[in-house]
Undergrad: 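Have a look at this one.
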Amino acid sequence: MQNLDEFLSEPVNNQKISEKRKAKSESNEPNLKKEIIENNAKSFLLGVGYDGDKGLAYAKLYDFKSDKIVLWFDDTGHKPYCISDQPIEVLEENKDLVSHSGFDHFEEIEKYDPITDSQKKMTKIVARDPLSIGGRPIGCIRDIIKAWEADIRYAENYIHDRNLEIGMPYEVKDGKLIPSKFELPDSILADLEKTLEDELDEFKKLSYNWARLLECPVPEFMRASIDIEVYSPIETRIPDPNEAEYPIICISIIGTDDFRQVLLLKRENIPEESESISLDADIIFFQTEKELLSYFFKCIGKYPIIVTFNGDDFDLRYLRNRAQSLDFEKEQIPIELGRDYATIRKGIHLDLYRFFFNRSIQVYAFGQKYREKSLNEIGSSLLNVGKKEITKPISELTYSELAIYCYRDAEITINLTKFDDSLLIKLMILLARISYMDIEDVTRQGVSGWIRSMLFHEHKKRNYLIPRQDEILEFKGRTVSEAIIKGKKYKGAIVVEPTPGVHFGVSVLDFASLYPSVIKIWNLGYGTVNCPHEDEECKNNKVPNMSHWVCKKRKALESLLIGSLRDLRVNFYKPKLKDPNLSDNMRSWYRVVSDGLKVVLNASYGVFGADRFALYCPPVAEATAAIGRYVIQNTIDKAQSLGIHVLYGDTDSIFFESSDQMQLKNLIEWSKNSMKLELEVDKEYKYVALSSRKKNYLGVYSDGKVDIKGLTGKKRHTPKFIKNTFYEMIDKLSEVESKEEFEKIKGEIKNIVKKCYLKLKNREYSLEDLAFSIVISKSPERYTKTTPQHVKAAQLLMEKGIDIKRGDLITFVKVVGETGVKPVSLASINEIDSQKYVEYIDSIFDQVFDPMDIDFQELIGATKLEKFF
DNA sequence: GCGGACTGCTTACCT
DNA sequence: ACAGGTAAGCAGTCCGCG
């Protein structure tokens, strides 16, 4: 494959492609599907499962010829196992073990143990089935003896042991599963080589492998979204999918092949409508629910991939259980349920809710574009299309209303996978490649699961023993620093005391991926921090200001893996994205790669301090943070010795008065030479307004763009009327070019705030304008220690019979009287406590007035005088 | 019995 | 179920006060 660019420009490859798209695809040669077949890549590996009846692992392959998922069953005789440190002779004495029904045989093996830095003779205990190792509530092999690698899911183990690359092209030849050749294009190879000049061979090898995975083009996959509606006799209650008590009255299916159907159940007492339903879809009525479901199951059978929004917990679960209670045979229902997931037999189910719920995805991949995780909110913010509004309960809708409502949900769902050139699917594939994880698992697990899988894969590839969690803790000891926040395990980052005032000409420098860089440069990992070597070389290699030391003899896997990913992002993909010659298709793919790497890198330090992480190692996290503090403090000290004025800093960034660009250059040089860390100019502000508060500033670029960080005026819960006033003020501030102009607009800003104050006093704002909106993060009854205001408001709503769940957004206003607050829906405008609101305005604008030397009290005091005259 | 000082809880944010 | 650090508001408690 030489021309990656052309592959990426390939349009949807479908058999039932619409006429319009067909024309487009013909004009758009070469065809990726054709190319892939010519290159013997007939399919893509999307995941691995285990078939309990056959007792075999199987690969799920997306076959391009048929656009179906094809299963390939293991032919290598791979079996579930765990590992013991006892020799076979000893284990043979263990009656419970050798007589266990799932026990198969022992094998003598050798493993490298990173904790002790030694080769170890160990015994592989091979079992007949995965559940015998672990998974049953009692009597598993891992409960009988102390075992290693015993709680890795079998399918995951299979991926690692067979070194399978999920999301990459494969083919089945003579019954064997073999990877299709995909080599890095020469041009990419040459570019990459340049960035890797000074690295160790081991590091280079890893980097090339990553690049091969990241550069392989991602084709389009045929898929369909589904959404169901269920009848409910009680309007406020959502039917329980485990009971599946009530009939499914509507199902929408939308395929990427332009298949669009809405299936409706005929019911009594639903008025016939004279006009036909106006939807760009086939509407099909069914007399019985059984007919409807049969038809539906046939429809989705065509699709290799089904996407839903919350299908794990609702749609698929309901469908399966409902079909069962309608006496469908098990084989007739193409849905399989797990404890907390649902999937399609011979298919892939992607639950977008699960993926969007993931905080890393929300924050780093989508930049907080959506705040709540509802289909309406996500659809509105990413597609500009929200759910269809309905004013009646589902069960009372007419056929037409019901069809339109249900269809819209399916439409948003499928479009979420299609927008921005199928960005979402590409992101999932990318994460599957980095983590060597089944694509369904990628969407369901968090970033710690991905990183765990990536590290496990590398362990197995190198025949390293994967340590037990208790082992790491026992050998590596605890943390030695004290956190500033009560209840935290160790000390974190430094935040520099800001210099209050309005500063013109500010450069912000930061370390590119500071923590991943530290992990790379300092060779951090559970095997290297506090390594077992007795000699001085290691023990003297202290983490600054700390008793921990770092190994000088061995390379940590974490350091190599995280380091190589970091370098690829910083030295390769980020510069490529800045290249004006990059084509649109490549740019969009590189954006995905860069964002995917960002997600993984941003979490790569935190996982070592998370006690549920499989390779939890507090000293690694603590050392990383400590080195981070050392680095930024050293840099600040150096800057001051160079005479550069430091205004503020946080973790990995420093704000400088940028009078002397030459000096900043010197600082960057110094950082590279003395600490091997890349310090770079991140932002240049026309001016920055700093109050005395940390994590709280306003920065204006020369083009007028404004960064607002931490200011309450921007926060989600702030009432609309204050937000609007706040942004009116920001608009004014964005125009300011100099100190002199600044003085001039002060009056205008005062007027803006004064206007707001007067409108409030005259009760000209609506309840919606005045509403605070705060997420209730726990179920209301679980607030036992205190009753915060939003919980009080929630309680008032519950008294009215409204159901409040955790995660709901509570909107309330401050009122005079006992409770102090009332939900918007229950309050009236004349009970508003305007005094409280004045205090609130004061506090919000003080964050900006403080550096500007404006006095709020004086401002409203003046107002009173004016009114007087 | 009351108000100010204090601590702790909660949410939303920053890196 | 990636981490720790900070701001802010409010709830609840303690303490002094002839």
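Quick note on labels: first sequence line is chain A, next is B, and so on, each numbered from 1. None of these values were measured; they are calculated from a predicted model. In what follows, every heavy atom counts, from backbone to side chain, and hydrogens, waters and symmetry copies are set aside.
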Undergrad: Is A/Y515 touching bases, backbone alone, or none of the nucleic acid, heavy atoms closer than 4.0 Å?
TA: nothing
Undergrad: Return the value, rounded to whole Å, for the distance between atom OH of A/Y526 and atom P of C/dC2.
TA: 21 Å
Undergrad: Below 6.0 angstrom between ring centroids: does that apply to A/Y353 and A/F314?
TA: no
Undergrad: Within the 4.0 Å limit for protein heavy atoms, which parts of nucleotides 8-15 of chain C are touched? Write it as a string from 5' to 3', B for base, S for sugar-phosphate only, - for none.
TA: SSSSS---
Undergrad: Does a salt bridge link A/D441 with A/R153, judged by any charged N lying under 4.0 Å from a carboxylate O?
TA: yes
Undergrad: Closest-nucleotide mapping onto DNA chain B: is A/K486 or A/R716 further toward the 5' terminus? I mean the 5' end.
TA: A/K486
Undergrad: So what does A/G606 hit on the nucleic acid, given a heavy-atom distance under 4.0 Å: a base, only sugar-phosphate, or nothing?
TA: base
Undergrad: Measure CD/A/Q362 against C1'/B/dC13 and give the value in whole Å, please.
TA: 13 Å
Undergrad: Quick one: label A/R371 by what it contacts on the DNA or RNA (base, sugar-phosphate, nothing), any heavy atom closer than 4.0 Å.
TA: sugar-phosphate
Undergrad: Give a yes/no on whether any side-chain N or O of A/Y697 is located under 4.0 angstrom from OP1 or OP2 of B/dT15.
TA: yes
Undergrad: By the 4.0 Å heavy-atom rule, please label A/I774 as base, sugar-phosphate, or nothing.
TA: sugar-phosphate
Undergrad: Indicate, with a heavy-atom threshold strictly under 4.0 Å, whether A/A621 touches base, sugar-phosphate, or nothing.
TA: nothing
Undergrad: In whole Å, I'd like the distance from the CD1 atom of A/I654 to the C1' atom of B/dT15.
TA: 13 Å
Undergrad: A/F613 CZ to C/dC2 C1': how many Å, rounded?
TA: 9 Å
Undergrad: For residues 595-606 of chain A, dump all side-chain donor-acceptor pairs below 3.5 Å to protein atoms at least two apart in sequence or in another chain.
TA:
unit_1: A/K598; atom_1: NZ; unit_2: A/Y364; atom_2: O; d: 3.4
unit_1: A/N602; atom_1: ND2; unit_2: A/K598; atom_2: O; d: 3.2
unit_1: A/S604; atom_1: OG; unit_2: A/L601; atom_2: O; d: 2.7
unit_1: A/Y605; atom_1: OH; unit_2: A/Y490; atom_2: OH; d: 3.0

Undergrad: If you only use heavy atoms from C-beta on, which nucleotide in C/dA3, C/dG5, C/dC2 is closest to the side chain of A/A483?
TA: C/dG5
Undergrad: Quick check on B/dG8: is either OP1 or OP2 less than 4.0 Å from any side-chain nitrogen or oxygen of A/Y783?
TA: no
Undergrad: Assess whether a salt bridge exists between A/D650 and A/K695, defined as any Lys/Arg side-chain N lying under 4.0 Å from an Asp/Glu carboxylate O.
TA: yes
Undergrad: In whole angstrom, give the distance that lies between atom CG of A/L690 and atom P of C/dA7.
TA: 13 Å
Undergrad: Between A/Y616 and A/Y526, is the ring centre distance below 6.0 Å?
TA: no
Undergrad: For A/V791, report the nucleic acid contact type (base, sugar-phosphate, nothing); a contact means any heavy atom under 4.0 Å.
TA: nothing
Undergrad: In whole Å, I'd like the distance from the NE2 atom of A/H717 to the P atom of B/dT11.
TA: 12 Å
Undergrad: With sugar-phosphate meaning primed atoms plus P, OP1 and OP2, does A/F608 contact a base, only sugar-phosphate, or nothing at under 4.0 Å between heavy atoms?
TA: nothing
Undergrad: Inspect the contact between A/K723 and A/E728 and indicate whether a charged nitrogen and a carboxylate oxygen are less than 4.0 angstrom apart.
TA: no
Undergrad: Nearest to the side chain of A/D650, which nucleotide is it out of C/dA3, B/dA12, B/dT15?
TA: B/dT15
Undergrad: Answer yes when A/R444 and A/D351 have at least one side-chain N-carboxylate O distance shorter than 4.0 Å, and no when they do not.
TA: no
Undergrad: Not counting sequence neighbours, which residues clear side chain to side chain donor-acceptor pair (under 3.5 Å) with A/W210? List them please.
TA: A/S564
Undergrad: Is it true that a side-chain atom of A/H503 and a backbone atom of A/T499 form a donor plus acceptor pair closer than 3.5 Å?
TA: yes
Undergrad: Could you tell me the separation between the CD atom of A/Q368 and the P atom of B/dT11, rounded to a whole number of Å?
TA: 17 Å
Undergrad: Measuring to OP1 and OP2 of B/dT10, would you say a side-chain N or O of A/H790 lies under 4.0 angstrom away?
TA: no
Undergrad: The side chain of A/A610 is closest to which nucleotide in this list: C/dA3, C/dG4, B/dA12?
TA: C/dA3
Undergrad: Kindly point out which of C/dG5, B/dT11, B/dT15 is positioned nearest to the side chain of A/T651?
TA: B/dT15
Undergrad: Pick the closest DNA chain C nucleotide for A/V607 and for A/K694 by heavy atoms, then say which residue is nearer the 5' end.
TA: A/V607
Undergrad: How many Å lie between CD1 on A/I632 and P on B/dT15, as a whole number?
TA: 11 Å
Undergrad: Could you say whether A/S777 or A/D510 is positioned toward the 5' end of DNA chain B, judged by the nucleotide with the nearest heavy atom to each?
TA: A/S777
Undergrad: Using OP1 and OP2 only, check whether a side-chain N or O of A/K714 sits under 4.0 Å from B/dC14.
TA: yes
